[in-house]
Structure formats: structure tokens, C-alpha cells
Amino acid sequence: MFQNRTEALALALPAALFAAIVFLVPVAILLSEGFRTADGWSIQAYIDFFSMPLNQKVFLRTLRLGLTVTFVAAIIGYAAAYAIVTLPPSSKGKMIGLVVLPLMISPVARTYAWIVILGRTGIVNQALMTVGLTDGPVRFLFTETAVFIGLLQLFLPLMIISLISALENLPRDAVPAARVLGANWFQVFWKVLLPLTREGLVIGGTLVFTGSLTAYITPAILGGSKVLMLETLLYQQVTVANNFVSASIIALILILMSFAANILLRRIASARNSK
Amino acid sequence: MSDAPYLSLEKLTLAYGKSIAVENLDLTIRKGELLALLGPSGCGKTTTMRSIAGLMPVKSGRIVLDGKDITRVSANRREIGLVFQSYALFPHLSVFENVAFGLRLQGMSGAALTEKVDTGLRTVGLSDFSARKIPELSGGQQQRVALARSLVMKPKVLMLDEPLSNLDARLRLEMRTELQRVQKESGVTMIFVTHDQVEALALADRIVVMRNGVIEQIGTPEEIYNKPASSFVADFVGFENIATVVGNKLVGSAGEVTCPATLPNAAGLAWRPHAVPLGSGPYRGTVRGVSYAGSSREYVLETPLGPVKTEVDAALPTHQIGTELAFDLPPEAAAPLRKIG
Ligand SMILES: Nc1ncnc2c1ncn2[C@@H]1O[C@H](COP(=O)(O)OP(=O)(O)O)[C@@H](O)[C@H]1O
Ligand SMILES: [Mg+2]
């Protein structure tokens, strides 16, 4: 199509410059904020940031929620995806549609739905009180559990879709072949399914983990200021405290966590595959 | 080979949801036998195999192996081998690990495992390939790995689903001989599925002809080839001229002719092309097609019965298209059919 590489690069240059100026430069400026002091560069701001108990707590909570949501999404997602791919073609299409449907609804609406369900007079509390398990309403909202449930619901479809495509690409009859060779279902999973769908699990895991780290609306609505996560803390630092140094530090932490998760998951995948 | 049934299917009915794929199938297989399941695509061969392997629930009926009812035994405990049509190798494992897969599940390891896997690979002629990855193998080699993977398990019955259909013509012949050798050497009871009558005739001790989920005929290759029981089987093994017998008339697709000779007591008669003499006989037809086939020449005649195919010595003079000729359908040269349609 192009005479040579130089010509192609020349054509790509304007778009690349545009992206660099409007995206990379501001990010670089923002991130440099955390290292700049009155008399030069230093990591003192980072030391200060991590020495504050609140920040430590929020950081650990974000990491914990990200990991648990990813882990639970992987387990539920695997079971759901396997059930869906083994359905006959007609109902398979409908089920995939059902999984994708929530992705088309605004996360704000989806998160507010949880208030209806988990609130003081919500469905869950009314059911608990009717059955007599509790006398008064149980507090679900503004707890870590509520944020966990909200995030799981928000990102589970991404895991299911990734795993469905991985399972669909499984070599035909690989599972029956393992069965006939004497594998029980547990062995089928560990020796055949898992190694052959690792790639999908990595993609789904990365999507869910980075999604959970960077979600704002869900922790804001279901956790509020009681259950701060890095993302909600970042927003607070900018709008309430006007502290751009903290905001810059949090932004860098979030970026690094996403990269780390992706690299780690890729490592796991390739290490097992090349055995 | 003993005569006692080793594997029996008793009134086996299999279904996908509401649609019945195999109905009331009765079949017994002797120990050490090489049985071919022959039938057109979609007749239920794969379904039958999957149910024997435990991969398909049985709607009704029983499967008995070596004196034990295995109808409800799960697939991983049946001791039955199945080589899938798609081979179903594990792409994340080497050739060695593919063959070792089942043995490892039995807890085998170390030198004992290596020896068994090496023996298996040697049997199929792949000794030098044990470190290879599956995607690096040709179709024929993948098939051999799949065969070795099943063989090393010493299954009571080894089943192969269309083992030759994915191979090119030359490999197919080679693999055919190979399968026969492996079966004779190991003495394993073997069932193989094919839609190719030539394969079934060449390999099998006995052939089961299936159609639409039911058995049409069971017999030795000679019986199937020379005495087809029905027009379906006759057509399948190359009897290209089939007529229904009604009194002293022969009825074909287009119409009927009166036979001067006495017709045998059968539902129909079937002739191979070479059993139809051309140039003499009580019937007349017009040449509509000629094709040269080396030592012989084939003619398609338009006759009152419908098209009739004959085959004559290529050394004889050629008849032009449009020529009207006499021909015969001698009852004594025909295979009598018990069932038409
Ligand atoms: N997974 C399936 N779901 C529904 N119907 C099926 C399925 N597999 C096969 N069938 C149907 O069952 C019948 C027998 O199929 P099969 O055993 O695969 O035939 P063969 O192996 O002789 O070609 C066919 O009519 C086919 O359409
Ligand atoms: Mg088939």
C-alpha cells in the first residue's frame, strides 16, 4: 500500500503528535507533580503519602477488593461460561445476550439498583426480617461487602465473555478425549480446560482487576466516604482537598497496579503453557 | 477370536433432546473382532460410538461389556478407547505427554511410563517424534499419536471414528494397512466407523450397515458385497441397477417391463453394471452416456425402467450416443433383495 516505511510513518505522524500532545504530555505533567518539590526532584511526597494510616488503609482495601473481585469473578465466570458453551446453539445465543445485556446499561443505573436491593428497607433486609433471621435491618450499604458485590456485578460479564471465547476455541472433543482416557471432572479441569483457557482467564482477569481498581461510581455510591478506594480518594483529593500531589501519586499507583497485574498474569499464563 | 459376545448393545435408543438419533439397536461384537460401522453421513455412527464410550446418555436399552452392564458407568471408568474423528489431541502437551496422559492418570511415572509410551509410539512408527509439539505434526502423524494414546491404555474395545477420512488417498491406504496390522498384533477388539464401503470391505471381519439410526444389515464383507439384503445396501456396495419384482414384472423408477423368464421369490433384484449384457436380450434401450474406464467401457441406457448402467469390455466396438440396443437383466445374475426402499 505504501511505497516504503518512511512514507507510512510520515502519514502516521500527525495523529501520533496529536495523541502525544493531548494525552501523553498532560499525563506526564500530572505524574511529575508527585516528584516535584520546591528545590528539585524527590520521592519525599511518596514517603509522606504512604506514612499516612488512611492512605495505607485505602491502598490495601483497593488491592484486596481488586483481588477478591477478580478471584470470585474467575470462579463464577468459569462455571457460567462452561455451562453456556455446552448449551445447544439456540439457547446459547440467548444466554450470551443475557450476559452482555448489563454491559449496555449505565453503571450508574446498575449501581443504584443495588441501593434498592441492599438498603435499610431493601429486598434483602425485608426478606431477612420476614424469615426472622434478624430483628432490625442489617447494614449492607456503605460497607466493603456492598462495594464488593457492586464491582462483581459490574465486571463479571467481562470475565464470562472472555472465558466463553476461550472455551469456544477449545479443540473439538478435547474434554471427551480426556474423559475416555480416564480423567475425572477435577482432572479434566486441571489438566485440559485450565491450561487451554489460560489466555482467556488472563484477559478476563486483567479486565476485571483493572476495572475494579479504576471504577469510580460503584465505590462512590455503595461505599461512600466510609469505604474509600483509591479512585474515590483521588476524586476527594482533587475536588475537596485540592491536593494535586496526592492525586498524582494515586494516579501513578493505579497505573502501576494495572501494569503489574497484566504482567503478572501474562507470566503465569506463558510459564504454564510452555511446560 | 471367541464366539461369545464381548460387547453387546441391547435395544439401544439414543436421542439429542427430542430427536431420536439411534433407535432400538441390537448388536454383539466378539472378542478380538474388527467390526466396521458403515453408513452414510448422519446415520448415527458417531452417536453410537459416543454412547459406547459413555459420552452420550442412553435413552433406553443396555450396553454390556465383558459380562458387566456398563450402561450407567461413567466414561472415565469404562476402559474403552476412542480415537476421535478430529483426533482431539491436547495441543498444550508434547507428543510424549499426549500418549502419557491416560497412563499418568493411573499413577504411572518414571521408567515404567517412559517404556510404555515409547512402545506405543514405536507401534505407530513415531519413535522420533516424542518431543514434538502437536501443531508441528501432519494430519497423518496426529492420527497416529491419537491411536497410540488410546492403544497404550490397553482398552477392552478400541473405537475409531472415520479414521481414514481426513487423510489423502496415499496416506489412507498406508493407514489402512497399519490399522489392520496393529489390530492383529495387539488382538484388541476394534470398531471403526466409515462411510466408505471399500474401506469397510477391505478391513473388517464383519460389517454393520446403518441407515437413519437403525441397522440395515450385518454380515461378513463377502455377504454384504454379494448378498445385500436391501436395495439400500445394494446401492451402497455398487449394485447400480435395482428393480422391484411384482409378479413377472420388473418395476424401475420410470416404468416396468415384463420378464420372459421366471422371477425368483424376492422383493427386488439388483445387478452390478458388469452383470448387464449389452447387444442381446429381451429389452431395448437408447445409449445416453458412454464413459471409458480403462479395461471397460460404461454405458448409461435410457430404458422403460429408467436409466440402466452396464459395463462391457473396452476392446469391443463403441456404441454411439443415441443408438438403440438390446440388453438383458438376467435374474440368475442378480442379487435377490428382501427389502426395497
Ligand atoms: N450434538 C448434536 N445435537 C443434535 N443432533 C445431533 C448432534 N450430533 C448429531 N446429531 C444428529 O444425530 C444424527 C446422527 O449423527 P451422527 O451420529 O453424528 O452421524 P454419523 O456419525 O453417522 O455421520 C444426525 O441426524 C445428526 O444431525
Ligand atoms: Mg460421524
Side-chain angles (χ1 to χ4, degrees), chain A residues 78 81-95 162-163 165-205 265-275, chain B residues 16-19 46 49-56 73-94 96-108 133-135 142 145-161 166:
Chain A
Y78 217 108
Y82 194 82
I84 288 171
V85 295
T86 50
L87 287 173
S90 57
S91 30
K92 192 195 293 181
K94 282 179 205 139
M95 283 308 291
S162 305
L163 287 172
S165 82
L167 286 167
E168 292 273 6
N169 286 325
L170 220 57
R172 246 182 103 204
D173 290 326
V175 171
R179 291 284 291 156
V180 171
L181 288 167
N184 60 34
W185 284 112
F186 184 76
Q187 291 163 328
V188 167
F189 179 76
W190 282 107
K191 290 179 183 290
V192 178
L193 281 179
L194 200 55
L196 291 176
T197 53
R198 227 161 227 142
E199 204 54 33
L201 213 49
V202 166
I203 293 168
L265 286 167
R266 266 179 202 290
R267 272 279 157 74
I268 295 172
S270 58
R272 296 294 183 86
N273 277 342
S274 60
K275 194 176 78 173
Chain B
Y16 293 98
K18 285 205 165 53
S19 83
T46 299
M49 276 199 164
R50 293 180 81 94
S51 80
I52 296 172
L55 298 171
M56 166 101 198
V73 175
S74 63
N76 57 331
R77 296 173 190 276
R78 285 201 181 186
E79 297 173 72
I80 283 179
L82 175 53
V83 176
F84 291 81
Q85 189 171 3
S86 62
Y87 314 143
L89 297 172
F90 305 124
H92 60 297
L93 300 176
S94 65
F96 183 95
E97 285 302 328
N98 264 275
V99 178
F101 189 89
L103 298 171
R104 281 201 195 276
L105 292 174
Q106 292 178 343
M108 197 179 280
K133 294 201 158 144
I134 300 303
Q142 294 193 6
V145 176
L147 181 61
R149 185 176 69 173
S150 289
L151 272 176
V152 295
M153 300 300 290
K154 300 242 175 298
K156 287 182 170 166
V157 177
L158 177 59
M159 305 191 290
L160 301 108
D161 196 352
N166 292 347

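All figures in this text were calculated on a predicted structure; none of them were measured in a lab. In what follows, every heavy atom counts, from backbone to side chain, and hydrogens, waters and symmetry copies are set aside. So you know, we letter chains A, B, ... as the sequences are listed, proteins then strands, and number each from 1.
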Between M159(B) and V180(A), is the side chain to side chain contact (heavy atoms under 4.5 Å, CB included) condition met? List the steps.
CA-CA 11 Å; M159(B) 305 191 290; V180(A) 171; over 6 Å; no
Just do the side chain to side chain contact (heavy atoms under 4.5 Å, CB included) check on F101(B) and V192(A) with the steps written out, would you?
CA-CA 10 Å; F101(B) 189 89; V192(A) 178; 3.7 Å; yes
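Taking all atoms of both residues into account, the shortest heavy-atom contact from A174(A) to A88(B) is N-CB, 4.1 Å.
For the atom pair CZ of R104(B) and CD of Q187(A), the computed distance is 13.0 Å after rounding to the nearest 0.5 Å. Interatomic distance, NZ of K191(A) versus CG of L105(B), reported as 6.0 Å (0.5 Å rounding). Note that the CD atom of Q85(B) and the CZ atom of R172(A) stand 7.0 Å from one another [nearest 0.5 Å]. To the nearest 0.5 Å, the span separating CZ on F90(B) from CG on L196(A) amounts to 8.5 Å. How far CG of L103(B) is from CG of L181(A): 9.0 Å, rounded to the nearest 0.5 Å.
When each of R78(B), R77(B), R149(B), Q106(B) is checked for heavy-atom pairs under 4.5 Å with chain A, R149(B) comes out on top.
With a 4.5 angstrom heavy-atom cutoff, I80(B) touches chain A only via backbone atoms. Only the side chain of P171(A) comes within contact range of chain B, with at least one heavy atom under 4.5 Å from a heavy atom of that chain.
In this structure the side chain of D173(A) reaches within 4.5 angstrom of the side chain of R50(B), judged on heavy atoms.
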